[in-house]
K.L.:
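Quick one: the structure is below, and I'll ask about it shortly.
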Amino acid sequence: MRNLAAGNWKMNGVSTDLAQLRALVEAHPAPNCDILLCPPATLIARMADLAAGSALMLGGQDCHKDETGAHTGDISAQMLKDAGASHVIVGHSERRADHGESDAIVLAKAQAALSAGLVAIVCVGETEAQRDAGRTLDVIGAQLAGSLPAQLDCAPSDLVIAYEPVWAIGTGRTPTIDEVGAVHAFMRAKLLDRFGEPAQEMRLLYGGSVKPSNAAEIFAAPEVNGALVGGASLKADDFGPIVAALGRA
Ligand code: PEP
């Protein structure tokens, strides 16, 4: 299975930042891993034009559970696909916290993404308080149980899980390699229990303060098949070395 380097630009990026995408594509014309950028929805179509003919894929950062309707300000999975996206992140901890998204909502969004033909990247992760209370695996287990479809009615590669400890996002702090490996092994076991052998082919990403200086070490942890990168995906000079590290891992 090829590793996946996924960048999440969050609420950052205007037209002048398209230069970062050009630089990334030029630096990695034939990457040894899959590369995905999830810019704000306003940039997807323009990035898709720029990335045409390259290996770079585009994704949304969220989608509504419905195809269309009276949901002012929301965006559907179909709209993202129409704009040129192939992936969408659902259940990012910032959405769970800022918008009160429950596991049930995340599940509905993941199902909408899959129905629209998008790869769904489902995020899970414990808060610092949950970690300190020794509840990390319980929390991850419950989020997986509640946020994923009951059956794998899609290719295993269409469902990606991103383990993102909330306390590691944007803080510069990361779990130890042993901690990352333990959570990823736990997630793989849960997915195998739920979906059977095809779950071996599902990609498990780590996210939370990945940067060029720690990328190779994190990617050496067992069951890490890629990364979801926030801040360090905004500049090609930072994201490029992470892509290269995943290509070597
Ligand atoms: C994220 O928000 O998905 C993330 C991993 O952010 P950062 O890399 O900035 O910690």
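Numbering of residues begins at 1 and proceeds along the displayed sequence. Ligands are counted one by one from 1 in listed order, and the atoms in each one are counted from 1 as well. Only a predicted model underlies this, so the values are computations on that prediction, with no experimental measurement involved.
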K.L.:
Determine whether a donor-acceptor pair (N or O, by modelled atom type, separation under 3.5 Å) exists between the side chain of E179 and the backbone of T176.
P.N.:
yes

K.L.:
Taking R131 for its side chain and T136 for its backbone only, find out whether a donor-acceptor pair lies under 3.5 Å.
P.N.:
no

K.L.:
Any N or O on T171 sitting closer than 3.5 Å to an N or O of ligand 1?
P.N.:
no

K.L.:
Of all the non-hydrogen atoms in the protein, which one sits nearest to atom 1 (C) of ligand 1, and at what distance?
P.N.:
H92 NE2, 3.2 Å

K.L.:
Please tell me if the side chains of L148 and I161 come closer than 4.5 Å, counting only heavy atoms from C-beta onward.
P.N.:
yes

K.L.:
So, regarding I169 and ligand 1 (criterion: nitrogen or oxygen to nitrogen or oxygen, under 3.5 Å), is there a contact or not?
P.N.:
no

K.L.:
Just to confirm my output: which protein heavy-atom neighbour is closest to atom 3 (O) of ligand 1, and how far is it?
P.N.:
E164 OE2, 2.7 Å

K.L.:
Under 4.0 Å from any heavy atom of G231, which atoms of ligand 1 are there?
P.N.:
7 (P), 8 (O), 9 (O)

K.L.:
So is A168 touching ligand 1 or not, going by heavy atoms under 4.0 Å?
P.N.:
yes

K.L.:
Going by the atom numbers of ligand 1, which of them fall below 4.0 Å from some non-hydrogen atom of S209?
P.N.:
7 (P), 8 (O), 10 (O)

K.L.:
Ignoring hydrogens and geometry, is there a side-chain-to-backbone donor-acceptor pair from H99 to E101 under 3.5 Å?
P.N.:
no

K.L.:
Taking atom types as modelled, is there a side-chain donor on E164 or H92 under 3.5 Å from an acceptor on the other?
P.N.:
yes

K.L.:
Hey, does the side chain of Q78 reach the backbone of A116 with a donor-acceptor pair shorter than 3.5 angstrom?
P.N.:
no

K.L.:
Using modelled atom types and a 3.5 Å cut-off, is there a donor and acceptor pairing between side-chain atoms of S209 and backbone atoms of A168?
P.N.:
yes

K.L.:
Based purely on interatomic distance, does G170 place a nitrogen or oxygen under 3.5 Å from a nitrogen or oxygen of ligand 1?
P.N.:
yes

K.L.:
Less than 3.5 Å between some nitrogen or oxygen of L228 and one of ligand 1, yes or no?
P.N.:
no

K.L.:
Where is the nearest protein heavy atom to atom 4 (C) of ligand 1: which residue, which atom, and how far?
P.N.:
G230 N, 3.5 Å

K.L.:
Quick check: do E126 and Y163 have side-chain heavy atoms less than 4.5 Å from each other?
P.N.:
yes

K.L.:
How far is atom 2 (O) of ligand 1 from its nearest protein heavy atom, and which residue and atom is that?
P.N.:
K10 NZ, 2.5 Å

K.L.:
Under the 4.5 Å side-chain heavy-atom rule for ILVMFWY, direct or indirect, which residues accompany L228?
P.N.:
L4, L36, M57, I89, V119, I121, V160, L205

K.L.:
Which of the numbered atoms in ligand 1 are below 4.0 angstrom from a heavy atom of G208?
P.N.:
5 (C), 10 (O)

K.L.:
Under 4.0 Å from a heavy atom of N8: which atoms of ligand 1 are those, numbered in the order shown and with their elements?
P.N.:
2 (O), 3 (O)

K.L.:
Hey, does K211 sit under 4.0 Å from ligand 1 if you only count heavy atoms?
P.N.:
no

